[in-house]
Structures are given as structure tokens and as C-alpha cells.
A.B. asks: 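Input: one structure, supplied below.
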2 protein chains.
Amino acid sequence: MSADERRELVLDAATRAFARGGYHGTSTDAVAKEAGVSQPYVVRIFGTKLDLFLEVLDRSVGRIRDAFETVIAERPFDPDSEEDAIRLGEAYNELMADRDLLQVMMHGFSAGQVPEIAAHSRACMAGIFAAVLETGWPEEVARDFVAHGMLINVMLSMHAPEHLGESASLDVLARCTFGEALEVPAPGAS
Amino acid sequence: MSADERRELVLDAATRAFARGGYHGTSTDAVAKEAGVSQPYVVRIFGTKLDLFLEVLDRSVGRIRDAFETVIAERPFDPDSEEDAIRLGEAYNELMADRDLLQVMMHGFSAGQVPEIAAHSRACMAGIFAAVLETGWPEEVARDFVAHGMLINVMLSMHAPEHLGESASLDVLARCTFGEALEVPAPGAS
DNA sequence: ACAATAAGTAATCGAGTGATAACCTGTCAA
DNA sequence: TTGACAGGTTATCACTCGATTACTTATTGT
């Protein structure tokens, strides 16, 4: 297999691994096992674990932003159209199907202890917010959209959809966070 | 010093340490150094690192919830009153002054990989949302309040307030996330 | 005086971690 | 053939981590 192919394959595996454990909670060996290669090879491809994580983070957030930009650029986005707003929200729901992207983003955003991760996180957040502003929405509406995304991320991280029925108030929050998307909670994955 | 006093002292130190690094990114030795005691003593007080983290998490989220409940119970909360809404928002702003509580909460919410942390996180989130529902607000309004809190958490984690001026769109997001509280960004702490 | 108990530390262990070095193996050009 | 290079692996190192054990010190009841 060519080095570039293998590289992409390892990046996909690393995305899955980091989505589960975050930066500190995931070893390079875990990534290697997920990719089916040896641990030193992972390190040699990317230099350091930090470099690998940053690449996974940028790639994941890039895809999320692309999903938004695609929806917004598809046809003229009407900031007053309820229908267009729903379309953008559904873009996020589709990303939930591959929740790894969202979880990697969230783990990046919470690993601000590492200065370089914090810097990339700021750039990623700036990019996403800029994309959302392209809707023409007022700042406060765009902010609420992003905030809702953050809530979805933490609710996924704590596995709320898989634990419905254990707490009345959390059920209420889950239902009005995920809406109809809750009915198909993507049972697989961790 | 009595064991109970020392225990509280270590819990405070652990809150600061975990707020910086999260569960996986913080060693028991880092907690011990922060508290000025030996590492084995930290372990012996709490049994395991996980037990310590769960106690720190529960305590931190408990204090956040208490802050909300105090505001809500202070006087009859009018769900239609803009003024009362501002009072509750300011309760969150005051918590930001001791941002450790918020950061611990966030790290707990993102460490869903560890089943016990995920379970405590769900209980914590359920408790906070239940407290916010006591305002009498519609579910959607309460949800947006919590979502806004999650956005504040990630913006703090990525040190957005300390890096104003580096990205136009992030500046906009920071200003409309923190509002006037941004002027005094609590320059100390990590 | 003297056990007994509480509060803590020093020493250490075994497992896991990121990274390095050395080695192996197939393919292809000369 | 041979040699060079790309694509990997095995072995290993230095270090960190959470946890255990054994020791020390000081107070207190008798």
C-alpha cells in the first residue's frame, strides 16, 4: 500500500480512537491497533502524538465546516427562512451519524491545557462560526446555533441517548436537544 | 491538621488541578503537589484517582447548581421577567470568576469514555437542568440557557478571552458569548 | 512511662507510554 | 544479479503513572 493511502487510513483510525478517549486518554498504541499497524509506524508517519492529534482535529473540524458551507452555498440562504434554518440543523444531525467528528472537535476544544491544541481550537471555532455567519443570521442567532452544537456534543459524550429513562429531567433535556433525531440514536459506536 | 481539614484542602487543590488538565491529563502527583502533600497520601485519602475525580466533579457541579438554586429561590422567580433572567445569567458570570468549577464540570462531561464518569455526568447535568427548570421557563428556554453555558465552557477552555484580536470571527463570538463580562476576563489562572 | 492510634512520608513496584534505533522485505531500475 | 529505496516491524529505552508497603512522628489515654 502506498504511504499516502496508509496515511489516510491511519488518520481515519486515529479519528475514531481520539473521538473515544480524547488527546490524553488515547495512546499512540491504541491508534495503531485501531489502524492495524505497529505503534512506531504511527509515530513515524506523524512525528509526534501531538502532531497527529492536531491533524485529526483540523481535518474533523474542516469536514464539519464543509458540511455547513455546502448547505449554505447550495442555494441562496435566506436568514429569515425557517426552512433554511432546519436544513442547516439537519446538516448537524447528519454529522451525528458519524459522531466521531463531533467528539474529536469537542475533545480538542476541552484540551486547552496544551497551548497548541488551544490555538488550533480557537482557529477551528473561528472557522465554524464564520461559516455559520455566512447564513446572514444575526450574531446572536449564529451564537445560539453554535451553543446548541456544544450541548449536543456533551450530551453525546455522556451517552445520554443510550440512557433514556434513568432521569426524568435529563430525558426532557435530551428530547428537546436532539428532537426527532433521538428516535434513531445510532446505536453502534462507543 | 485533622484528616477532615486536610481532605477539604486536597479537594480544593484537586479541583484546581483537574480544572486545568481534566481526568486523564492530571496525575495524582500533580494534585499532591498542588495540595502540598505527598502523592501516596492523596491516593490513600480517596482510594483511587477515579474516586477522587468523581468527588471533585460532584462537588463542583453541586456548587454550580447551588448558585442557581439560590438565585431562583431568593424571591419568587418570574419566568417572564427579563430582569430575573439576567440575574440567573449573572450567577453564571460570577461562577466564571472561579472558573475552576466550570472547567471541572466540562472535563467531566467530556470524559464519557470512563463509564462511571459518564454516569456521574448524566446525573450532574440532570440536576442542573432540573434546577434551571425551576425558573418556570419553557423547556426550550432552559435548554438554550444550558447550551449557552456549554459554549462559555469551551470558550474558556480554549482561552478565547485572553486571545482577542487574533481572529475577527472569534472576537465576535467571544463578545456576544460573554457580553459585558468580557471586559474583566479574570486575567489570572491558567 | 508507655502502648495505641492518627497523620503523614519515603521507597518502590509493575504496568503503560511516547519515542528511537535497528532490522526486515518486497519491488524495480541498471 | 545487485543495489537502492519505500514500506513497514521488532526490540528496546527512558520515563511517568497509580498504587502498595513499610516506616516515621506526634498526640493522647491510662
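First the proteins, then the strands, lettered A, B, ... as listed; each starts at 1.
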A.B. asks: Between C:dA10, C:dT9, C:dA21, spot the one nearest the side chain of A:P40, thanks.
C.D. replies: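 The closest nucleotide is C:dA21.
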A.B. asks: Rounded to the nearest Å, what distance is computed from the CZ atom of residue B:F53 to the C1' atom of nucleotide D:dA19?
C.D. replies: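 To the nearest whole Å, that distance equals 19 Å.
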A.B. asks: Does OP1 or OP2 of C:dG16 have a side-chain N or O of A:S27 closer than 4.0 Å?
C.D. replies: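 So the side chain of A:S27 is outside the cut-off, no N or O lying under 4.0 Å from OP1 or OP2 of C:dG16.
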A.B. asks: Under a 4.5 Å cut-off applied to non-hydrogen side-chain atoms, are B:L102 and B:Y92 in contact?
C.D. replies: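 Sidechains of B:Y92 and B:L102: in contact.
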A.B. asks: Distance-only, no hydrogens or angles: does the A:S157 side chain make a donor-acceptor pair with backbone N or O of A:N153 under 3.5 Å?
C.D. replies: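 Absent.
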A.B. asks: For C:dG8 and B:Y41 - does any side-chain N or O of the residue sit under 4.0 Å from the phosphate oxygens OP1/OP2?
C.D. replies: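 Answer yes for this pair, as a side-chain N or O of B:Y41 is under 4.0 Å from OP1 or OP2.
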A.B. asks: Between P on D:dT12 and CD on A:Q39, what's the gap in Å once rounded to a whole number?
C.D. replies: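 Rounded to the whole Å, the gap is 15 Å.
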A.B. asks: Can you measure A:I45 atom CD1 to C:dT20 atom P for me and round it to whole angstrom units?
C.D. replies: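 That distance rounds to 15 Å.
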A.B. asks: Distance check needed: D:dG18 P versus B:L50 CG, whole Å only.
C.D. replies: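 Roughly 12 Å, once rounded to whole Å.
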A.B. asks: Please answer whether the main-chain N or O of B:S2 pairs with a side-chain N or O of B:E5 as donor and acceptor at a distance below 3.5 Å.
C.D. replies: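 The answer is yes, because a donor-acceptor pair under 3.5 Å joins these two groups.
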A.B. asks: May I have the distance from A:D29 (atom CG) to D:dA11 (atom C1'), rounded to whole angstrom?
C.D. replies: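 Whole-Å distance recorded here is 14 Å.
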A.B. asks: Between atom OH in A:Y23 and atom P in C:dT17, what is the gap in whole Å?
C.D. replies: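 Taking atom P of C:dT17 as the reference, OH of A:Y23 is at 13 Å.
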A.B. asks: Rounded to the nearest angstrom, tell me the gap between atom NZ in B:K49 and atom P in D:dC17.
C.D. replies: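 It is 8 Å, rounded to the nearest whole Å.
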A.B. asks: Using every non-hydrogen atom in the two residues, find where A:T26 and A:A17 come nearest and quote the distance to one decimal.
C.D. replies: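 Between these two residues, the closest heavy atoms are OG1-O, 3.4 Å.
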A.B. asks: When the nearest nucleotide of DNA chain C is assigned to A:A30 and to B:D4 on a heavy-atom basis, which residue is associated with the more 5' position?
C.D. replies: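 It is B:D4 whose nearest nucleotide is closer to the 5' end.
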A.B. asks: If you assign B:M1 and A:G47 each to the DNA chain C nucleotide with the nearest heavy atom, which residue ends up on the more 5' nucleotide?
C.D. replies: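 Its nearest nucleotide being more 5', the pick is B:M1.
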A.B. asks: Identify whether the distance between the nearest side-chain nitrogen and carboxylate oxygen of B:R63 and B:E69 falls below 4.0 Å.
C.D. replies: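 No, no charged N to carboxylate O under 4.0 Å.
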A.B. asks: Any base atoms under 4.0 Å from A:R44, or only sugar-phosphate, or nothing? Heavy atoms, all strands.
C.D. replies: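 Counting heavy atoms under 4.0 Å across all strands, the contact made by A:R44 includes a base.
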A.B. asks: Applying a 4.0 Å non-hydrogen cut-off, can you work out what A:S38 is touching in the nucleic acid: base, sugar-phosphate, or nothing?
C.D. replies: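 Base, at least one base heavy atom under 4.0 Å.
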A.B. asks: At less than 4.0 Å, is any side-chain N or O atom of B:R6 found next to OP1 or OP2 of C:dA7? Yes or no.
C.D. replies: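 No, outside the criterion.
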A.B. asks: Could you state the atom-to-atom distance from CZ of B:F46 to C1' of D:dG18 in whole Å?
C.D. replies: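 Roughly 15 Å, once rounded to whole Å.
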